[in-house]
Enquirer: 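Sharing a structure here in C-alpha cells format.
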Amino acid sequence: MYDLKALYEAQSVRDAVRLRLEHPEAQILAGGTDVLVQMREGKRAGAELISIYGIDDLRGVALDEEENLRIGSLTSFSHITKDPIIQKYINVLGEAVDMVGGPQIRNAGTIGGNTCNGVTSADSASTLFAWDAIVELTGEEGVRRLPIQAFYISAGKVDVRPDEIQTAILIPKASYENCFGHYIKYAMRSAMDIATTGCSVNVVLSADKKSIARARIAYGVAGPVPMRAPSAEAAAQGRPLTEETAEAFAAAVLSDIRPRDSWRASKAFREHIAVELARRGLLESIKRAGGELA
C-alpha cells in the first residue's frame, strides 16, 4: 500500500529530536492525514518516517502558570472543538478546525500537522494569526518560541530546524482576554472542501461597549502564506460601533492582501469576497462581544 523505506517511532520529545538528527531526510508523521495520502499517491515514494503519534505529552489543552493557553501539537481537531478551555476562551478556533475535512479527518488530524504543512488554506491558520499565536519548537538546544507570523516563511515552508519538532501552540492571555471573534470559510462546497478564502476576525470592545478598543483580522488564501491585514485593524481602532466603521474596516483589507488567480477563483473574486468576509466577520464579532451598532 505504501512505498516506505523505514518507520521510526519516537517514545518522547527527546527521542524524536534524536531521531531527527540521526535521520535528517525523514518526514515527521503526526496524524498522517496529509503524509499518508501523499504516499499513496506516490509523491513520497521510498520515504522515511518518524512517527511522533505515540507521544501523549504533546496532546491536550491547558492554561500555563501565566494563564496563556497551551495546545499540544498532537491535539486533534475534534479534541480542540470540544475542549472546555477552548470553548470558554477562544471558541472561534474550535469552530474553525471543525470545518476541516470530515469527521474521520478531524479525529486524526492535528493542529501541529495543520500548521507545519505551511499551506495558506489551513483552516486553523488565519485564526491563529488573528490571535497572535506563538509556535513552540523543541530541539537539541532546548525550546524555541516564535510568533506564528515568523513561523510561516513561504508557501509550504515553515521555520522548523533540522533537529526540531513542533511541540505546542500558545495563545497569550493578552490575546484572548475579553476578546470575541468569528471565522468564515468561503469554499465551493459547504463541506469537505479547501477554502477559497478564509477570514478570521476578533475584537475587544471598550468598557462601555460603544467603540472598538482593538480589532484583529487575518486571512488564508489571500497570499502565499496566511496573513494579517494591519491597515484594516488600524481603520477600526477606537472607532464607534457603526456600519460605517465596518465598511471602512472591510475596504482597508485591499491595502494588505495579495490573492492570485487560480482555477478555484480569480484574484478579483477573492478580493471581492475578502472585503465582504471582513465586514461580516467584524459585525458578528461585535455581536458576540455584546456590542450593538449605533
Enquirer: Distance-only, no hydrogens or angles: does the R270 side chain make a donor-acceptor pair with backbone N or O of A265 under 3.5 Å?
Expert: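 Yes, because the side chain of R270 sits within donor-acceptor range (under 3.5 Å) of the backbone of A265.
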Enquirer: Look at the side-chain heavy atoms of Ile, Leu, Val, Met, Phe, Trp and Tyr, link any pair under 4.5 Å apart, and say whether L29 and I55 land in one connected group.
Expert: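 Per the 4.5 Å side-chain linkage, L29 and I55 are not co-clustered.
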Enquirer: Please list, one pair per line, the donor and acceptor atoms closer than 3.5 Å that link side chains of residues 220-230 to other protein atoms, with sequence neighbours excluded.
Expert:
unit_1, atom_1, unit_2, atom_2, d
R228, NE, E233, OE2, 2.5
R228, NH1, F129, O, 3.0
R228, NH1, D132, OD1, 2.7
R228, NH2, E233, OE1, 3.2
R228, NH2, E233, OE2, 3.4

Enquirer: Does S266 reach the main-chain N or O of S262 with its side chain, forming a donor-acceptor pair under 3.5 Å?
Expert: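 Such a contact is absent between S266 side chain and S262 backbone.
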Enquirer: Hey, are S78 and N107 close enough side-chain-wise for a donor-acceptor pair under 3.5 Å?
Expert: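 Their side chains do contain a donor-acceptor pair, which is all the 3.5 Å distance test asks for.
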Enquirer: Looking only at side-chain N and O atoms, does S200 offer a donor or acceptor that is under 3.5 Å from a partner on S126?
Expert: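 Side-chain D/A pair, S126 to S200: absent.
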Enquirer: Side-chain contact, heavy-atom cut-off 4.5 Å: L74 with D57?
Expert: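 L74 vs D57: side chains apart.
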Enquirer: Determine, stepwise, if the pair T115 / S124 fulfils side-chain contact (heavy atoms from CB on, under 4.5 Å).
Expert: CA-CA 7 Å; T115 50; S124 68; 4.0 Å; yes
Enquirer: Is it true that a side-chain atom of N68 and a backbone atom of L170 form a donor plus acceptor pair closer than 3.5 Å?
Expert: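 Not confirmed, N68 side chain does not pair with L170 backbone.
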Enquirer: Give a yes or no on whether I80 and I148 share a hydrophobic cluster (residues Ile, Leu, Val, Met, Phe, Trp, Tyr; joining criterion: side-chain heavy atoms under 4.5 Å apart).
Expert: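 Cluster IDs for I80 and I148 match.
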Enquirer: Please say whether more than 12 non-hydrogen atoms of neighbouring residues, nucleotides or ligands are located less than 6.0 Å from NE2 in H23.
Expert: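 Check passes, neighbour count above 12.
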Enquirer: For a 4.5 angstrom cut-off between non-hydrogen side-chain atoms, does I134 reach L146?
Expert: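 Of all side-chain heavy-atom pairs linking L146 with I134, none is under 4.5 Å.
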Enquirer: Do we see a donor-acceptor contact under 3.5 Å between the side chains of E9 and S51?
Expert: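 No, S51 and E9 have no side-chain donor paired with an acceptor closer than 3.5 Å.
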Enquirer: Tell me whether S255 contacts the main-chain N or O of S231 through its side chain, where contact means a donor paired with an acceptor under 3.5 Å.
Expert: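 It does not hold such a pair.
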Enquirer: Is the closest side-chain donor-acceptor distance between D83 and Q87 under 3.5 Å?
Expert: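 Not at all, the side chains of D83 and Q87 share no donor-acceptor pair under 3.5 Å.
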Enquirer: Determine whether T110 and N114 make a side-chain contact, defined as any pair of heavy atoms from C-beta on separated by less than 4.5 Å.
Expert: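 Not in contact.
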Enquirer: Do T138 and E164 have a side chain donor and acceptor closer than 3.5 Å?
Expert: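 Looking only at side-chain atoms, E164 and T138 do not form any donor-acceptor pair under 3.5 Å.
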Enquirer: Is the side chain of S175 donor-acceptor paired with the backbone N or O of W131 at a distance under 3.5 Å, no angle test?
Expert: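 Between the backbone of W131 and the side chain of S175 there is a qualifying donor-acceptor contact (under 3.5 Å).
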Enquirer: Spell out, as yes or no, whether a donor-acceptor pair under 3.5 Å connects the side chain of K287 to the backbone of E292.
Expert: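 A pair under 3.5 Å: no.
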Enquirer: Please test Y89 against F180 for ring pair (Phe, Tyr, Trp, His ring centres under 6.0 Å), starting from the C-alpha separation and ending with a verdict.
Expert: CA-CA 9 Å; Y89 294 112; F180 298 85; over 10 Å; no
Enquirer: Tell me which one of D123, D98, N202 satisfies side chain to side chain donor-acceptor pair (under 3.5 Å) with Y183.
Expert: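 The single option meeting the side chain to side chain donor-acceptor pair (under 3.5 Å) with Y183 is D123.
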Enquirer: Any side chain to side chain donor-acceptor pair (under 3.5 Å) involving residues 209-225? Give me the pairs, sequence neighbours left out, ordered by first then second residue.
Expert: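 Non-adjacent pairs meeting side chain to side chain donor-acceptor pair (under 3.5 Å): S206-S211.
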Enquirer: Do any N or O atoms from the side chain of T245 and from the backbone of P240 form a donor-acceptor pair under 3.5 angstrom?
Expert: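 A pair under 3.5 Å: yes.
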